[in-house]
Participant: 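Following this message is one structure expressed as structure tokens.
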There are 4 protein chains.
Amino acid sequence: MSPAPRNTDPAPETAPKRPDPARRSERSRQAVLGATRELVSEVGYAKLSIEAIAARAGVGKQTIYRWWRSKGTVVFDAFLALSEEAGGVVLPDTGDIEADLKAVLRATVAEFADPAFEAPIRALNLEIAGDPELAAQYRERLAAPVDEAKRERLRSAQRAGQIRADADLDLALELLYAPLYQRWLLRTGPLTGEYADALVEHVLRALRP
Amino acid sequence: MSPAPRNTDPAPETAPKRPDPARRSERSRQAVLGATRELVSEVGYAKLSIEAIAARAGVGKQTIYRWWRSKGTVVFDAFLALSEEAGGVVLPDTGDIEADLKAVLRATVAEFADPAFEAPIRALNLEIAGDPELAAQYRERLAAPVDEAKRERLRSAQRAGQIRADADLDLALELLYAPLYQRWLLRTGPLTGEYADALVEHVLRALRP
Amino acid sequence: MSPAPRNTDPAPETAPKRPDPARRSERSRQAVLGATRELVSEVGYAKLSIEAIAARAGVGKQTIYRWWRSKGTVVFDAFLALSEEAGGVVLPDTGDIEADLKAVLRATVAEFADPAFEAPIRALNLEIAGDPELAAQYRERLAAPVDEAKRERLRSAQRAGQIRADADLDLALELLYAPLYQRWLLRTGPLTGEYADALVEHVLRALRP
Amino acid sequence: MSPAPRNTDPAPETAPKRPDPARRSERSRQAVLGATRELVSEVGYAKLSIEAIAARAGVGKQTIYRWWRSKGTVVFDAFLALSEEAGGVVLPDTGDIEADLKAVLRATVAEFADPAFEAPIRALNLEIAGDPELAAQYRERLAAPVDEAKRERLRSAQRAGQIRADADLDLALELLYAPLYQRWLLRTGPLTGEYADALVEHVLRALRP
DNA sequence: CCGTAACCGAGACGGTACGTCTCGTCTTGGA
DNA sequence: TCCAAGACGAGACGTACCGTCTCGGTTACGG
């Protein structure tokens with residue numbers, strides 16, 4: 001039996017001195033996230049400053065820099081915290097996959113149209129698009145459970161014979177949501193209920209047995 | 001005595017003093033756009049500053065503020081100029097719509113994978129996503145001609161009976177490109193030739209007569 | 001004839017980019033010096049901050065950093081400006097060197113005792129003691145003319161036969177003023193008129209023919 | 001009815017919670033003083049921080065704040081400890097007051113010229129000049145014994161008839177040392193052996209019978 | 001053909017925010 | 001209870017850029 005290697009870490013190099021999470025002030029964390037949500041709504045993401053967050057939260061700037069890498073990570077956490085409270089996602093399953101998908105996509109369209117959601121969601125998306133590490137966290141903590149719920153609904157339709165057994169469900173999800181997302185993000189066209197319906201109809205045509 | 005005339009003039013209001021485009025220095029314009037392209041490649045969009053552009057271009061800051069609204073518009077123009085040089089877009093038409101689309105999407109995948117293109121294209125996309133006015137310009141001057149070429153190829157396939165006569169070609173384009181775009185922008189999955197092929201196959205299934 | 005050498009400069013090395021004094025804003029300069037004098041009086045030298053000076057003066061911080069090396073140099077200039085306005089110094093010459101010196105030293109004692117002068121003069125002295133470059137400027141621009149006036153009074157006494165012809169007048173000045181200065185700076189003893197008188201009497205004993 | 005008692009209590013007032021000196025860790029005290037001496041030499045007094053002292057000494061910051069009022073008092077103690085080890089001061093007494101004083105002043109000049117002493121002594125002096133309480137401590141614990149030794153040498157010269165019986169010895173000491181001190185502190189002139197000699201000669205002229 | 005009015009490079013200005021540093025206080029866990 | 005350790009609110013540091021505002025210099029009309 002060979003001895004367990006003690007330290008396989010290839011690059012310690014004068015450790016960057018991480019803070020101790022056990023001693024973190026929960027009160028400060030909440031204050032920062034709350035202030036961030038308020039300020040994003042008030043002045044928008046681009047004009048958001050760490051200075052302003054600290055002031056609004058009644059917190060020292062160092063406390064923010066100690067626990068977050070960048071403005072983007074703070075904003076991300078601020079909305080992540082909100083979403084995680086929201087709890088599990090359940091999609092409707094009436095047995096009619098077309099009707100159910102239309103309902104879900106119309107709901108998504110409505111969400112994108114709500115100006116109160118629009119600004120922060122856009123900010124969050126830009127942040128994610130520009131930072132691979134945030135993107136990874138986003139996928140794991142926010143997108144994954146939602147996607148799984150959507151995939152499950154498609155699987156149910158498969159079992160009901162409404163979708164081909166050999167369909168690639170991940171690709172199917174992308175076909176459903178990416179056009180919506182792109183229209184919204186780049187404002188390349190109107191986002192309406194009719195559009196959502198047409199989208200669902202086209203995609204289902206590709207998926208039916 | 002006649003009443004003092006109210007100022008019903010709806011527009012001038014201490015005119016904002018537009019510069020005279022006729023006297024604009026072409027040399028300065030080119031220097032700014034060139035310096036901008038260099039700097040975006042070197043330091044990325046987020047760390048790009050007007051100050052640095054002016055210094056690199058050997059140009060006064062005022063010259064930039066005189067002719068561009070914001071950092072975003074400069075970057076936009078810098079890449080617009082490049083693309084417009086590229087000239088008209090023509091898509092292959094071998095008569096086989098599936099093969100042609102696969103070739104085009106694989107080319108797009110390759111472009112997204114090229115790290116030299118990646119950074120500035122991403123920067124440009126973030127800028128467009130965050131600024132509706134830039135988005136409009138982008139659609140008119142860059143996206144429109146390319147989209148028209150793509151639509152024309154689909155129309156040709158329609159005439160050849162490879163695509164249903166009543167298909168919505170705009171939606172078809174979105175179904176083809178949006179999933180690719182989303183994967184790239186949010187890094188939600190690998191971008192490979194196989195993926196492009198599968199995408200084309202699925203979408204065509206929805207479009208065939 | 002040999003060609004004129006183009007560049008004999010031995011150490012250019014990415015020049016530190018000096019600002020152009022010709023374009024300096026006199027209004028800003030005055031505002032900074034004024035604000036500095038006010039703040040030194042109000043909060044003392046130790047608690048004086050560049051930030052506060054800039055705010056009080058209605059000036060950007062960079063404007064201070066552009067023209068002054070350190071907090072010390074600003075304070076120095078602030079009081080230098082005051083003193084230089086004061087104009088030429090003239091010492092009394094009644095013909096009685098002892099009486100005149102007593103009067104002058106008593107005046108100095110009174111100045112040191114005045115709390116309005118005390119704080120800033122002490123701040124200035126600490127700054128000078130800690131920064132050789134400031135010390136040099138202080139000697140040239142403030143101390144030199146005053147010292148020359150004092151030396152001239154002693155020379156006049158020499159001509160009148162009240163002081164030895166071969167006396168070292170610079171040393172004489174130090175003997176007169178250094179004890180006073182030391183008592184004040186280190187608070188090693190009471191500063192009174194009697195002390196000034198005793199000092200003059202002792203020093204004159206060393207200087208008389 | 002008796003009058004409400006006035007609070008004649010001169011001290012407690014919501015007691016400031018003094019630590020118990022008996023339980024003080026000698027190891028910590030030494031570590032702090034040692035680290036302080038090192039750091040003053042390395043970075044100078046102005047850039048010295050409590051934070052850095054604590055880190056270098058391997059001591060909690062609170063331990064410093066518990067036992068010292070300010071950065072100045074720590075520095076002061078650090079050098080005080082050094083000097084007190086040095087033990088009693090004895091001045092030479094060859095019977096020739098002029099030769100003896102010249103030797104002593106030349107030694108002082110040499111000390112001031114030594115760059116290893118220069119920096120910390122200057123730091124200490126600035127601190128004393130800016131803090132009356134430190135100044136008092138300095139006089140009692142450091143200056144007093146040295147001054148007494150010097151005064152004793154002058155008294156001995158008085159007994160020997162080399163100095164007038166009615167001379168003010170305290171003033172004499174100031175006449176001897178203040179010029180030296182001032183030249184050093186403000187760098188107003190060269191500090192040489194010749195200067196020390198000239199100083200002694202002038203002062204003695206004022207003191208002789 | 002000669003002002004004179006624009007653009008131009010340059011860069012100082014009043015500001016905002018950055019990210020770091022240190023202050024002096026407070027909290028935790030170990031001896 | 002003291003200590004090492006270090007998180008905390010606070011706020012100054014010195015730097016980077018912002019967008020505006022002069023400065024001279026240099027075109028390029030238009031009287």
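To find a chain, count down the sequence lines: A is the first, B the second, and so on, and within it residues start at 1.
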Participant: I need the Ile121(D) CD1 to Ile128(D) CD1 distance, nearest 0.5 Å.
Facilitator: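 CD1 of Ile128(D) is found 10.5 Å from CD1 of Ile121(D).
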
Participant: Mark yes or no: Arg18(A) above the aromatic ring of Trp67(A), with NZ or CZ under 6.0 Å from the six-membered ring centre and no more than 45 degrees from the axis.
Facilitator: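 Ring-cation test returns no.
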
Participant: Would you confirm whether Arg37(C), through its side chain, and Ala78(C), through its main-chain N or O, come within 3.5 Å as a donor-acceptor pair?
Facilitator: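 At least one qualifying donor-acceptor pair exists.
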
Participant: Within this structure, what is the CZ-to-P distance between Arg27(B) and dC7(E), rounded to whole angstrom?
Facilitator: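 Nearest whole value for this atom pair: 18 Å.
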
Participant: Using whole Å, what does the distance between atom C1' of nucleotide dT16(E) and atom NZ of Lys71(A) come to?
Facilitator: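 So the NZ-C1' distance, Lys71(A) to dT16(E), works out to 13 Å.
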
Participant: I need the Tyr45(B) OH to Leu126(B) CG distance, nearest 0.5 Å.
Facilitator: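 If I round to the nearest 0.5 Å, the distance is 8.5 Å.
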
Participant: For the side chain of Trp67(C), counting heavy atoms from C-beta on, which of dC26(E), dC13(E), dC8(E) is nearest?
Facilitator: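 Of the candidates, dC13(E) comes closest.
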
Participant: Using only side-chain N and O atoms of Ser28(A), determine if any of them is under 4.0 Å from OP1 or OP2 of dG9(F).
Facilitator: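 Yes, because at least one side-chain N or O of Ser28(A) sits under 4.0 Å from OP1 or OP2 of dG9(F).
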
Participant: Are Glu127(D) and Phe79(D) side-chain neighbours, meaning at least one heavy-atom pair lies under 4.5 Å?
Facilitator: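 In short, these two side chains do not touch, never coming nearer than 4.5 Å.
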
Participant: Name the closest nucleotide to the Val59(B) side chain, picking from dC8(E), dC21(E), dG9(E).
Facilitator: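 Nearest listed nucleotide: dG9(E).
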
Participant: From CD1 of Ile64(B) over to P of dC8(E), roughly how many Å is that when rounded to an integer?
Facilitator: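 Interatomic distance, CD1 of Ile64(B) to P of dC8(E): 11 Å.
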
Participant: Taking NZ from Lys61(B) and P from dC13(E), how many angstroms apart are they, rounded to a whole number?
Facilitator: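 So the two atoms are 13 Å apart, to the nearest Å.
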
Participant: Mapping Pro21(B) and Tyr65(A) onto DNA chain E by nearest heavy atom, which one lands closer to the 5' end?
Facilitator: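 Closer to the 5' end of DNA chain E: Pro21(B).
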
Participant: What is the distance, rounded to the nearest whole Å, between atom CZ of Arg56(B) and atom C1' of dC17(F)?
Facilitator: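 Nearest whole value for this atom pair: 17 Å.
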
Participant: Taking the side chain as every heavy atom from C-beta outward, state whether Lys47(A) and Glu42(A) have any atom pair closer than 4.5 Å.
Facilitator: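 A side-chain contact is absent here, since even the closest heavy-atom pair is not under 4.5 Å.
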
Participant: Check the distance between dA5(E)'s C1' and Arg23(B)'s CZ and give it to me in whole angstrom.
Facilitator: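 Rounded to whole Å, this separation is 7 Å.
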
Participant: Over how many whole Å does the gap from Gln62(D) atom CD to dG30(E) atom C1' extend?
Facilitator: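 It works out to 17 Å between those atoms.
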
Participant: Within the structure, does a side-chain N or O atom of Ser25(C) lie under 4.0 Å from either OP1 or OP2 of dA12(E)?
Facilitator: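 No, because none of the side-chain N or O atoms of Ser25(C) sits under 4.0 Å from OP1 or OP2 of dA12(E).
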
Participant: Could you tell me how far apart Arg66(D) (CZ) and dC2(F) (P) are, to the nearest whole angstrom?
Facilitator: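 In whole Å, dC2(F) P lies 7 Å from Arg66(D) CZ.
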
Participant: Say whether Glu133(A) and Gln137(A), considering side chains only, have a donor N or O and an acceptor N or O under 3.5 Å apart.
Facilitator: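 Checked: Glu133(A)/Gln137(A) side chains show no N/O donor-acceptor pair below 3.5 Å.
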
Participant: Go through residues 41-55 of chain A and report each residue with a non-hydrogen atom lying under 4.0 Å from DNA chain F, sorted by number.
Facilitator: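 When residues 41-55 of chain A is checked for heavy atoms under 4.0 Å from DNA chain F, there are no hits whatsoever.
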
